[in-house]
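Hydrogens, waters and symmetry mates are skipped; everything else that's a heavy atom, side chains included, is used.
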Amino acid sequence: MKLRLNGDVRSVAAATLAALVEELGMKADRVAVELNREIVPRARWEATALRDGDELEIVHFVGGG
Amino acid sequence: MADAVHPMKLRERYSRQVLFAPIGEAGQTKLTTARAAVVGCGATGSALASLLARAGVGTLRIIDRDYVEPSNLQRQVLFDEQDAAESLPKAIAAARKIAAFNSEIVVEPHVADLTPANVAQLLGETDLVLDATDNFETRYLINDHCIEQSRPWIYAAAVGSYGVTMNILPGETACLACIFPAPPRGVVETCDTAGILNSAVNLVASIEATEALKFLVGARDKLRRTLLSFDVWTNEHSEISLGRPRADCQTCGARDFVHLAGDARPQITLCGRDSVQIHERSRPVDFAAMKVRLAPHGEVRHNDFVLKFLRAPYELTLFADGRAIIKGTTDTAVARSLYARFIGS
């Protein structure tokens with residue numbers, strides 16, 4: 001399946017948002033995810049299926065300064 | 001004299017900013033009565049305080065718990081080698097630097113750790129709170145305070161080559177906890193473990209300063225309403241629309257301010273710094289008397305703001321209110337015991 005992730009096209013195996021975050025090697029409590037211009041709360045990632053052509057924006061939660 | 005030159009202020013010092021039409025003389029005049037708090041004065045806070053002071057924000061309250069070290073100089077643009085040699089508290093060093101380039105604004109330095117006990121006082125009577133801290137705990141404390149008080153604030157952070165920022169307008173936009181319900185658990189990357197590019201952190205501070213100016217001159221319609229991130233090394237960037245406050249948010253929906261209600265965090269590990277901060281209680285310390293007491297046990301030196309006690313492998317930095325940063329351990333029990341033994345229990 002091909003997704004657009006932060007503007008770039010990527011091929012992924014994950015079928016859900018939760019699986020995608022894991023496939024990308026990210027930790028769930030350190031990223032915010034927008035799917036097709038809607039923020040998806042963490043609690044709904046498991047139940048959120050991905051479709052070919054979905055557009056995702058992922059922002060990391062960092063703490064330095 | 002200051003009054004006599006007042007008309008010159010707009011024409012000379014701020015002339016290029018006044019020429020920028022969205023600010024103009026009206027915006028510049030609004031800035032003179034604006035009050036902003038900068039929480040943390042490391043790399044983000046240095047750049048932010050410098051930009052806002054030069055821009056003419058009338059009152060800047062600068063809150064920082066730390067002192068200047070040589071490893072800060074790569075990115076913390078307000079400080080110099082002399083500040084590091086003297087271990088000057090960052091808030092004090094920042095106020096001195098700002099006074100040298102803009103003596104017409106008011107800077108209120110506070111050498112303090114922002115805690116549930118002092119947050120209302122330290123952030124009170126400000127129009128805007130600007131996050132420039134280096135940790136998640138303080139950000140959730142700021143979020144709780146600002147949502148409770150309907151005080152706008154701006155989150156900004158950086159690590160490595162990555163920067164991220166968002167504006168929080170209570171009642172209008174999502175808050176920090178709407179997007180990230182809780183601080184990350186476990187080990188997190190910090191500037192001390194993953195390093196930091198000075199350009200990444202100065203860019204995030206510049207964006208934050210610009211959003212602050214928009215807010216303070218009343219250009220609310222121009223405020224960015226997204227969570228914005230960029231990586232200056234890989235050129236990747238991403239942006240998420242914040243949307244409205246979430247009804248199911250514990251902080252702005254349920255108004256359950258768990259971080260405001262928290263303990264005063266008597267001792268905390270300064271992550272990645274090989275340091276522990278001890279804040280047993282607030283009590284004034286007489287540095288001269290303390291120097292006499294500590295001299296038989298190690299090397300001691302002090303200035304008006306901090307006392308340094310070196311006893312290998314530890315280095316204890318004591319502030320005037322009794323707070324201490326103990327370097328050389330991340331074990332809070334070891335730090336507490338050193339504090340009790342040498343400073344007092």
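By a heavy-atom distance cut of under 4.5 Å, Val201(B) are the residues of residues 200-209 of chain B near chain A, going up by number. Near-neighbour residues of residues 54-65 of chain A relative to chain B, defined by a heavy atom under 4.5 Å from a heavy atom of that chain, comprise Glu57(A), Ile58(A), Val59(A), His60(A), Phe61(A), Val62(A), Gly63(A), Gly64(A), Gly65(A). The stretch residues 13-36 of chain A places Asp29(A), Arg30(A), Val31(A), Ala32(A), Val33(A), Glu34(A) near chain B, each with some heavy atom under 4.5 Å from a heavy atom of that chain.
Both the backbone and the side chain of Phe180(B) come within contact range of chain A, with heavy atoms under 4.5 Å apart. Contact of Ala132(B) with chain A is made through the backbone alone, with heavy-atom distances under 4.5 Å. Contacts between Leu176(B) and chain A at a heavy-atom distance below 4.5 Å involve the side chain alone, from C-beta outward. With a 4.5 angstrom heavy-atom cutoff, Arg139(B) touches chain A only via side-chain atoms. Of the two parts of Thr133(B), only the backbone, made up of N, CA, C and O, holds a non-hydrogen atom closer than 4.5 Å to a non-hydrogen atom of chain A.
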Can I get a per-line list of side-chain donor-acceptor pairs under 3.5 Å for residues 72-79 of chain B, giving both atom names and the distance, sequence neighbours left out?
unit_1   : atom_1 : unit_2    : atom_2 : d
Asn72(B) : OD1    : Glu69(B)  : N      : 2.7
Gln74(B) : NE2    : Ile196(B) : O      : 2.8
Arg75(B) : NH1    : Ser71(B)  : O      : 3.0
Gln76(B) : OE1    : Lys90(B)  : NZ     : 3.1

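For the set Ser46(B), Gly42(B), Ala157(B), Ser238(B), the entry with the most heavy-atom pairs within less than 4.5 Å of chain A is Ser238(B). Most heavy-atom pairs under 4.5 Å with chain A, from the set Asp248(B), Leu228(B), Thr44(B): that is Thr44(B). Among Asp131(B), Ile240(B), Val159(B), Val164(B), the residue making the largest number of heavy-atom pairs under 4.5 Å with chain A is Ile240(B). Among the candidates Arg42(A), Glu38(A), Arg37(A), the residue making the largest number of heavy-atom pairs closer than 4.5 Å to chain B is Arg42(A).
Taken to the nearest 0.5 Å, the CG atom of Asp8(A) stands 6.5 Å off from the CD atom of Glu236(B). Distance check: Ile179(B) CD1 to Ile39(A) CD1 gives 3.5 Å after rounding to the nearest 0.5 Å.
Within a 6.0 Å sphere centred on CZ of Arg255(B), heavy atoms belonging to other residues, nucleotides or ligands number more than 12.
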